[in-house]
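Here the structure comes first, spelled out in structure tokens, and everything after it is commentary.
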There are 2 protein chains.
Amino acid sequence: MMGIVMHHTETTMTNTELSSGPRRTRQRAAVGAIMATLNEFHTAQEVHAALRDQDNSIGLATVYRTLNQMADADELDCIRTPDGQSAYRLCSHGHHHHLVCRRCGRTVEITPPDFEQWTRQVAAENGFIDLDHELELFGLCAECAAA
Amino acid sequence: MMGIVMHHTETTMTNTELSSGPRRTRQRAAVGAIMATLNEFHTAQEVHAALRDQDNSIGLATVYRTLNQMADADELDCIRTPDGQSAYRLCSHGHHHHLVCRRCGRTVEITPPDFEQWTRQVAAENGFIDLDHELELFGLCAECAAA
DNA sequence: CTGTATGCAAACATTTTGCATAAGC
DNA sequence: GCTTATGCAAAATGTTTGCATACAG
């Protein structure tokens with residue numbers, strides 16, 4: 001973690017970080033493809049099961065790794081479901097937020113007025129940088145409320 | 001779970017559910033007391049550790065059970081932290097939100113303008129009831145940014 | 001005394017990680 | 001041919017549960 005000195009004379013990775021992202025593998029393509037077809041949030045387990053069901057099974061760990069990476073790369077949005085699982089969805093066009101039914105999981109996209117701008121202002125006022133935020137509303141949708 | 005018929009002639013619990021809530025035990029009092037002193041969200045593990053530190057140690061499972069029960073009884077608010085733990089806080093009268101440094105944990109209380117009112121409006125527009133929400137901002141505070 | 005609450009340890013579920021192997025570039 | 005990605009199984013994590021015991025009412 002500290003003070004490790006590398007003594008080998010030359011690395012193979014010559015050019016300055018032209019490494020150009022992750023390698024294109026069947027598994028990564030499969031995850032990307034299936035995420036493209038899903039419009040709601042889904043857990044890693046669900047994605048894994050869905051791939052298995054379409055005879056394109058890949059390792060569960062790989063699903064977790066890939067989803068994490070895609071989320072880190074801002075390709076996916078990630079939220080925590082009320083029961084504590086991570087759920088992912090294709091990240092379209094800048095952050096957005098959701099109104100989620102805590103029973104059936106139905107989600108509605110919402111856009112708070114002036115929200116992003118307000119977060120920047122608050123952060124600036126308090127000397128914070130490198131801002132991120134999390135905003136979700138939870139409730140019972142009409143159907144679940146009726147049932 | 002179903003169809004279990006009790007054959008003993010009389011139960012001890014005579015009157016119609018005058019059971020009057022949970023029993024008052026040292027452990028439950030300890031959890032209640034410590035939650036009363038905390039103004040931020042804290043996980044079960046943190047509560048357990050805090051009690052141990054003040055030589056009032058109780059079982060971890062009991063902490064989980066008690067917090068769950070208090071949350072079910074609407075005595076505590078519960079959120080999920082970004083890393084997937086449940087965090088509890090005394091259920092106060094009008095929610096507030098925070099700007100949290102993701103390095104040192106320093107928190108600043110923030111009050112989005114018209115936020116609660118806006119959430120009610122959005123929920124109503126979408127037929128959602130029994131609303132709850134979660135809003136936190138994360139960033140690097142000035143000190144941590146300098147370091 | 002009766003039944004609920006506790007503590008402990010084991011069970012559980014979800015997610016992460018170590019390591020040998022396969023595969024991309 | 002380097003090096004990254006994968007799969008598997010094991011570890012780690014956070015939480016819940018079964019059961020014998022302690023204790024509140």
Side-chain angles (χ1 to χ4, degrees), chain A residues 1 6 8-15 17-32 41-49 51-52 55-73 75-76 78-88, chain B residues 1 4 6 8-15 17-32 41-52 55-73 75-76 78-88:
Chain A
M1 198 151 191
M6 303 295 224
H8 61 102
T9 47
E10 191 89 26
T11 73
T12 307
M13 181 81 67
T14 48
N15 316 26
E17 291 307 323
L18 270 181
S19 32
S20 64
R23 290 181 175 172
R24 320 231 283 83
T25 66
R26 176 182 72 83
Q27 292 84 343
R28 176 165 285 263
V31 172
F41 283 94
H42 293 273
T43 67
Q45 314 260 0
E46 287 170 350
V47 171
H48 179 249
L51 288 171
R52 181 169 34 63
D55 296 314
N56 201 6
S57 198
I58 70 180
L60 177 58
T62 301
V63 174
Y64 275 104
R65 276 188 286 234
T66 306
L67 290 176
N68 271 338
Q69 288 161 189
M70 293 178 75
D72 279 348
E75 292 167 48
L76 297 180
C78 172
I79 64 170
R80 297 271 167 181
T81 67
D83 62 309
Q85 297 182 239
S86 294
Y88 300 86
Chain B
M1 199 158 196
I4 296 176
M6 303 295 223
H8 60 103
T9 48
E10 191 91 25
T11 73
T12 307
M13 181 80 68
T14 48
N15 316 25
E17 291 306 324
L18 270 181
S19 32
S20 63
R23 291 184 175 171
R24 323 227 289 80
T25 65
R26 177 181 71 84
Q27 292 83 343
R28 175 166 285 263
V31 172
F41 283 94
H42 293 275
T43 66
Q45 315 258 0
E46 287 170 349
V47 170
H48 178 249
L51 287 172
R52 182 170 33 62
D55 295 313
N56 201 6
S57 198
I58 69 181
L60 177 59
T62 300
V63 174
Y64 274 103
R65 276 188 286 233
T66 305
L67 290 176
N68 271 339
Q69 288 161 188
M70 293 178 73
D72 279 349
E75 293 167 46
L76 296 181
C78 172
I79 64 169
R80 297 273 166 178
T81 67
D83 63 308
Q85 298 182 239
S86 294
Y88 300 85

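This is a predicted model, so every value here is computed, not measured. Protein chains get the first letters and strands the later ones, always in sequence-line order, with residue 1 at the start of each.
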Whole angstrom value for the distance that separates [atom2] of [N] from [atom1] of [X]:
X	N	atom1	atom2	answer
Arg26(A)	dG7(D)	CZ	P	6 Å
Arg28(B)	dT6(C)	CZ	C1'	12 Å
Gln27(A)	dA23(C)	CD	P	9 Å
Asp72(B)	dA5(C)	CG	P	13 Å
Ile58(B)	dA22(D)	CD1	C1'	15 Å
Asn56(B)	dT6(C)	CG	P	12 Å

Among all residues two or more places apart in sequence or in another chain, which pass the ring-ring contact (aromatic ring centres under 6.0 Å, His included) test with Tyr64(A)? none
So how far off straight is the helix from dC1(C)-dG25(D) to dC25(C)-dG1(D), going by the axes through five pairs at either end, to 10°?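 Inter-axis angle at the ends, rounded: 30°.
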Who are the side-chain contact (heavy atoms from CB on, under 4.5 Å) partners of [X], not counting sequence neighbours?
X	answer
Arg52(A)	Ala49(A), Ser57(A)
Ser86(B)	Cys78(B), Arg80(B), Tyr88(B)
Thr25(B)	Arg23(B), Gln27(B), Arg28(B)
Gln85(B)	Thr43(B), Gln45(B), Thr81(B), Asp83(B)

side-chain N/O Arg24(A) vs dT6(D) OP1/OP2, d < 4.0 Å: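 Arg24(A) to dT6(D) OP1/OP2: no side-chain N or O under 4.0 Å.
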Please tell me if Thr62(A) has a side-chain N or O lying less than 4.0 Å from either OP1 or OP2 of dG7(D).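 Yes.
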Approximate separation, where rounding is to 0.5 Å, of Leu67(A) CG and Asp72(A) CG: 11.0 Å
Mind listing the closest non-hydrogen atom pair of Asn56(B) and Ala30(B) along with its distance?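 Closest approach of Asn56(B) to Ala30(B): ND2-CB, 3.5 Å.
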With a 3.5 Å distance limit and no angle check, can you tell me whether His48(B) reaches the backbone of Ile58(B) through a side-chain donor-acceptor pair?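 A pair under 3.5 Å: yes.
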N/O-N/O pairs, protein side and nucleotides 13-17 of chain C side, under 3.5 Å:
from    : atom 1 : to       : atom 2 : distance (Å)
dT15(C) : OP1    : Ser86(A) : N      : 2.8
dT15(C) : OP2    : Tyr64(A) : OH     : 2.4
dT15(C) : O5'    : Tyr64(A) : OH     : 3.4
dT16(C) : OP2    : Asn68(A) : ND2    : 2.9

Nearest to the Arg23(B) side chain among dT6(D), dT6(C), dG25(D), which nucleotide is it?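 Nucleotide nearest to Arg23(B)'s side chain: dG25(D).
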Going by side-chain hydrogen bond (donor to acceptor under 3.5 Å, both in side chains), name the residues that satisfy it together with His42(B), two or more places apart in sequence or in a different chain.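 So His42(B) forms a side-chain hydrogen bond (donor to acceptor under 3.5 Å, both in side chains) with Glu46(B).
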